[in-house]
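Reading through the structure tokens given below for one structure.
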Amino acid sequence: MTRSFKIVMIVTKKPYDRPIHFKVDGTRFESEKTVKLNINSKYIIDLSFQPPQTLENFMIQGVKLDVEEFQKSEDALVYRAEWLTTGFDKSTKGTRLKLTVEMQIKNAGQLRTELQAKFYGEQEAQHVCWGNALTFLEYECKTSENSTFVDKIKETYR
């Protein structure tokens, strides 16, 4: 039996509570879209599972993030995590970093995806905001009864 669900990821920068931005790089890099982030900064990540799913583990670049249940309804379950970009280096011109994002979802399996990122200096506020505001990133997913992995069917930047 196959199950389908959506994951909506919202990333906001603290302390300003503003969304991050992304730009379309076309075919210059491996991925067509690049998210823009500052080094040594704090981001809040909200993960909404529709219908509700139990998130057992959430990691970025192999670092486990503490998640807490933030909101719950019949239609969705939202988890919140804090992510610090300490330890990342400022991207040099013409380079991008692949951020590995992993989620272990109870009774569904592991979702593993990548975000292409460009890191700017900690205080850089102009270039990091060029492009489109990333209101949310949506993953349409499915999993089979005996599978240990979640298949990402579609990824949408909005």
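With S41 contributing its side chain and I39 its backbone, the two residues share a donor-acceptor pair below 3.5 Å. In this structure, the side chain of T85 engages the main chain of N40 through a donor-acceptor pair within 3.5 Å. At distances below 3.5 Å, at least one donor-acceptor pair connects side-chain atoms of E124 with backbone N or O atoms of Q126. Side-chain atoms of K33 do not come within 3.5 Å of backbone N or O of F22 as any donor-acceptor pair. Checking side-chain atoms of K36 against main-chain N and O of W130 turns up a donor-acceptor pair under 3.5 Å. The main-chain N or O of K118 is never found under 3.5 Å from a side-chain atom of S91 such that the two would form a donor-acceptor pair. A donor-acceptor pair under 3.5 Å is formed between the side chain of N38 and the backbone N or O of G121. A distance-only check finds no donor-acceptor pair linking the side chain of E69 to the backbone of K72 [under 3.5 Å].
The aromatic rings of F119 and F88 lie parallel to each other, their planes meeting at an angle below 30°, with 60° marking the opposite boundary. Aromatic ring pairs are classed by plane angle as parallel below 30°, tilted from 30° to 60° and perpendicular above 60°; the pair Y79 and F49 is perpendicular.
Surrounding CG of D66 are at most 12 heavy atoms belonging to other residues, nucleotides or ligands under 6.0 Å away. The local environment of NZ in K152 is crowded, with over 12 non-hydrogen atoms from other residues, nucleotides or ligands closer than 6.0 Å. Annotation: R112, atom CZ; neighbour count of heavy atoms from other residues, nucleotides and ligands within 6.0 Å does not exceed 12.
Scanning both residues, S144 and T2, for their nearest heavy atoms gives OG-OG1, 4.1 Å. The two residues A76 and Q50 come nearest to each other via the heavy atoms CB-CG, 3.8 Å. Residues W83 and L65 approach most closely at CD1-CD2, 3.8 Å, considering heavy atoms.
Residues passing the side-chain contact (heavy atoms from CB on, under 4.5 Å) test with K98, sequence neighbours excluded: E30, S31, E114, Q116.
Here the NZ-CD1 distance, from K13 to I44, works out to 12.0 Å after rounding to the nearest 0.5 Å. One distance of note links SG of C141 with CD of Q53; it measures 9.0 Å at 0.5 Å rounding. Note that the CG atom of L99 and the CE atom of M59 stand 13.0 Å from one another [nearest 0.5 Å]. Atom OG1 of T135 sits about 11.0 Å away from atom CG of L137, to the nearest 0.5 Å. Residue K23 holds its NZ atom at 11.5 Å from CG of N132, rounded to the nearest 0.5 Å. For the atom pair Q110 CD and E56 CD, the distance stands at 11.0 Å (nearest 0.5 Å).
Looking at heavy atoms from C-beta onward, M9 lies in side-chain contact with M103 at the 4.5 angstrom threshold. Proximity of V128 to H21: side-chain heavy atoms (C-beta onward) are nowhere separated by under 4.5 Å. Using a 4.5 Å heavy-atom cutoff, the side chains of T54 and N107 are not in contact. In this structure, the side chains of R96 and D25 come closer than 4.5 Å at one or more pairs of heavy atoms.
In terms of hydrophobic clustering, with Ile, Leu, Val, Met, Phe, Trp and Tyr side chains grouped at heavy-atom distances under 4.5 Å, V11 and Y157 are assigned to a common cluster. There is a path of hydrophobic side-chain contacts, each under 4.5 Å, that joins Y139 to V67. Under a hydrophobic clustering in which Ile, Leu, Val, Met, Phe, Trp and Tyr are joined whenever their side-chain heavy atoms come within less than 4.5 Å, directly or via other members, V150 and I60 fall into the same cluster. F5 and F149 fall into different hydrophobic clusters, where Ile, Leu, Val, Met, Phe, Trp and Tyr residues are linked whenever their side-chain heavy atoms come under 4.5 Å apart, directly or through other members. When hydrophobic clusters are built by joining Ile, Leu, Val, Met, Phe, Trp and Tyr residues whose side-chain heavy atoms come closer than 4.5 Å, directly or via intermediates, L47 is not grouped with V78.
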Task: Full working for side-chain contact (heavy atoms from CB on, under 4.5 Å) between V101 and F58 - done: CA-CA 8 Å; V101 178; F58 179 46; 3.7 Å; yes
Open item on the list: If you apply the rule side chain to side chain donor-acceptor pair (under 3.5 Å), what do you find for E102 with T100, and how did you get there?
Closed with: CA-CA 7 Å; E102 297 175 73; T100 303; 6.0 Å; no
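Checked by atom type, the side-chain pair Q71/S73 shows no donor-acceptor distance below 3.5 Å.
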